[in-house]
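Numbers here are sequence positions counted from 1. The shown structure was predicted, so the numbers you read here are calculated from the model rather than taken from an experiment.
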Amino acid sequence: METVRSTNELSSWVESWRLENRTVGFVPTMGALHEGHLELVRHASQLADRVVVSIFVNPTQFGPGEDFARYPRNEDQDSELLQEGGCHLLFLPETSTIYQEGHSTCVEVDTPAKRLEGESRPGHFRGVATVVTQLLNLVRPSVAVFGQKDAQQLAVIRRLVRDLHLPVEIASHPTVREPDGLAMSSRNANLSADERTAAAAIYRALSSARQRIEQGERSAEAIRRGLREVLEGELLIDIEYAEVVEADNFEPIRRLRGSIVMPVAVRIGTTRLIDNFSLEID
Ligand code: PAF
């Protein structure tokens with residue numbers, strides 16, 4: 001695995017592969033890598049001949065008072081994991097490489113970025129859309145792989161790529177979970193032992209909602225209430241949202257049909273966690 005920090009080095013590697021007719025897959029990350037990220041890398045290596053991974057803790061997608069400063073950073077360990085995980089090129093840019101002096105261009109997606117994360121974290125999706133557009137332009141992959149845990153982010157990126165006619169396929173990979181169902185996340189490391197136990201309620205809430213839907217429940221309100229009831233059973237959990245929305249635009253629905261997502265965001269102590277289940281309903 002090669003590691004590069006400058007856009008020139010990145011371009012020359014990618015260009016050399018292109019001259020050899022090799023396809024390029026890309027996995028953008030913010031580091032603090034876990035099995036969930038490694039699954040994305042493995043998936044990318046099934047879809048392309050060469051895999052580029054970026055690690056960049058993007059300041060513009062964190063709001064004031066959010067966890068940018070304490071977001072876990074572990075470059076050496078990440079690099080080892082990627083080496084073993086089949087990554088060919090690690091792109092580790094400085095902030096000044098991505099946001100050059102005088103940077104003043106942003107990418108703003110409307111629907112599906114408006115609600116939920118968009119409301120809870122104003123400016124978050126502008127930061128994500130801007131950095132992902134830049135990274136896609138720098139790497140120019142044929143396919144980029146994103147995790148389904150950030151379901152709204154995935155919907156935003158799909159919309160952005162479609163609307164801006166970016167020449168890349170967006171692929172996704174299912175959420176990787178701990179044995180008790182908690183979605184793997186870099187932020188899980190911030191949980192105390194009690195908070196970690198409480199966090200398993202997110203998966204219980206989603207599983208019980210899915211079971212009710214499988215048994216025939218079609219009222220979105222009943223499902224929202226059910227999600228909340230399970231989460232409220234854990235004293236350490238503060239619910240930010242527990243919703244049922246249409247999968248492509250993240251707008252709330254009344255009756256369940258078609259492709260739906262149940263996104264959940266909670267705070268446990270000072271840690272914010274998100275998760276979701278996606279379902280297809282006849
Ligand atoms: O999902 C993430 O880790 C980030 O939002 C991303 C896509 C790497 C953009 O900074």
Side-chain angles (χ1 to χ4, degrees), residues 28-32 36-37 40 56-72 106-135 144-163 170 172-175 182-188 190-191 199 201-203 205-206 209 220 223-224 227-228 231 237-253 259-279:
T29 81
M30 297 207 300
H37 295 109
L40 302 182
F56 178 60
V57 186
N58 173 35
T60 64
Q61 68 188 76
F62 292 80
E66 289 190 10
D67 58 351
F68 174 67
R70 72 172 186 135
Y71 196 84
C106 287
V107 179
E108 183 101 52
V109 179
D110 190 43
T111 306
K114 269 195 312 225
R115 297 181 192 275
L116 303 174
E117 288 298 282
E119 278 169 350
S120 291
R121 305 183 66 189
H124 169 68
F125 282 130
R126 186 188 314 120
V128 170
T130 302
V131 81
V132 168
T133 305
Q134 294 185 76
L135 291 168
V145 185
F146 293 83
Q148 290 167 11
K149 183 174 84 68
D150 297 303
Q152 193 175 4
Q153 168 173 283
L154 180 59
V156 168
I157 289 164
R158 285 194 195 284
R159 188 68 63 100
L160 140 78
V161 163
R162 192 203 69 174
D163 289 354
I170 300 300
S172 73
H173 196 71
T175 304
L182 178 66
M184 287 197 183
S185 160
S186 309
R187 290 182 170 101
N188 292 352
N190 296 330
L191 298 169
I202 304 170
Y203 182 73
L206 288 167
I223 294 302
R224 282 184 198 108
L227 283 169
R228 286 185 163 269
L231 294 168
I237 289 188
D238 277 330
I239 305 171
E240 224 168 74
Y241 58 76
E243 267 296 341
V244 190
V245 296
E246 290 172 2
D248 63 337
N249 59 21
F250 270 71
E251 295 288 340
I253 40 174
S259 305
I260 63 147
V261 181
M262 297 185 284
V264 168
V266 302
R267 280 184 192 281
I268 307 184
T270 55
T271 306
R272 184 173 186 277
L273 297 178
I274 60 170
D275 197 355
N276 71 87
F277 276 9
S278 293
L279 293 176

- With sequence neighbours left out, the residues meeting side chain to side chain donor-acceptor pair (under 3.5 Å) with Q152 are none
- Roughly how far, to the nearest 0.5 Å, is CZ of R159 from CG of N249? 6.5 Å
- Under 3.5 Å, is there a donor-acceptor pair between the side chain of S172 and the main chain of G147? no
- Message: Checking T60 now: which residues fulfil side chain to side chain donor-acceptor pair (under 3.5 Å) with it, not counting sequence neighbours?
- Response: N58, Y99
- Do any N or O atoms from the side chain of T175 and from the backbone of K149 form a donor-acceptor pair under 3.5 angstrom? yes
- When rounded to the nearest 0.5 angstrom, what is the spacing between CD1 in I170 and CG in L160? 7.5 Å
- Does Y241 reach the side chain of L116, with side-chain heavy atoms less than 4.5 Å apart? yes
- How would you list, by chain and number, every residue that makes a side chain to side chain donor-acceptor pair (under 3.5 Å) with R70, sequence neighbours excluded? T270
- Of all the heavy-atom pairs spanning L191 and A199, show the shortest one and how long it is. CD1-CB, 4.1 Å
- Query: Could you give the distance from CZ (F277) to CD1 (I202), rounded to the nearest 0.5 Å?
  - Reply: 11.0 Å
- Message: Using modelled atom types and a 3.5 Å cut-off, is there a donor and acceptor pairing between side-chain atoms of S186 and backbone atoms of A32?
- Response: yes
- Message: Could you measure the distance from the CD1 atom of I268 to the CZ atom of R187? Nearest 0.5 Å is fine.
- Response: 13.0 Å
- With sequence neighbours excluded, tell me which residues meet side chain to side chain donor-acceptor pair (under 3.5 Å) with Y203. none
- Do the side chain of R121 and the main chain of G63 share a donor and acceptor less than 3.5 angstrom apart? no
- Message: If the condition is salt bridge (Lys or Arg N to Asp or Glu O under 4.0 Å), which residues does D238 pass it with, not counting sequence neighbours?
- Response: none
- Item | Sequence-distant partners of Y71, ring-ring contact (aromatic ring centres under 6.0 Å, His included), two or more places apart | F62
- For A242, all residues meeting side chain to side chain contact (heavy atoms under 4.5 Å, CB included), sequence neighbours excluded: L227, R228, L231, I239, V264
- Expected output: side-chain N188 to main-chain A183 donor-acceptor under 3.5 Å: yes
- Query: Between atom CG of N276 and atom CG of L154, what is the distance when rounded to the nearest 0.5 Å?
  - Reply: 9.5 Å
- Note on the structure: The salt bridge (Lys or Arg N to Asp or Glu O under 4.0 Å) partners of E251 (sequence neighbours excluded) come to R115
- Task: With the side chain counted from C-beta on, respond yes when D150 and V128 share a heavy-atom pair under 4.5 Å apart, and no when they do not.
- Result: no
- Message: Applying salt bridge (charged side-chain N to carboxylate O under 4.0 Å, His left out) as the test, list every pair that has at least one member in residues 265-279; sequence neighbours left out.
- Response: E117-R272, R177-D275, E240-R267, E240-R272
- Quick one: does P28's side chain get under 4.5 Å of F146's, heavy atoms only? yes
- Note on the structure: Across all chains, not counting sequence neighbours, the salt bridge (Lys or Arg N to Asp or Glu O under 4.0 Å) partners of E108 are R126
- Shortest non-hydrogen pair, A113 vs V109, comes out as CB-O, 3.2 Å
- Note on the structure: For R224 and V244 the tightest heavy-atom approach is NH2-O, 3.2 Å
- Query: How far does CD of Q153 sit from CZ of F250, to the nearest 0.5 angstrom?
  - Reply: 10.5 Å
- Note on the structure: By ring-ring contact (aromatic ring centres under 6.0 Å, His included), H173 pairs with (sequence neighbours left out) H43
- Please name all residues satisfying side chain to side chain contact (heavy atoms under 4.5 Å, CB included) with T29, sequence neighbours left out, ordered by chain then number. V27, L33, H37, V53, I55
- Query: Would you find a donor on one side and an acceptor on the other, under 3.5 Å apart, between the side chain of D248 and the backbone of P112?
  - Reply: no
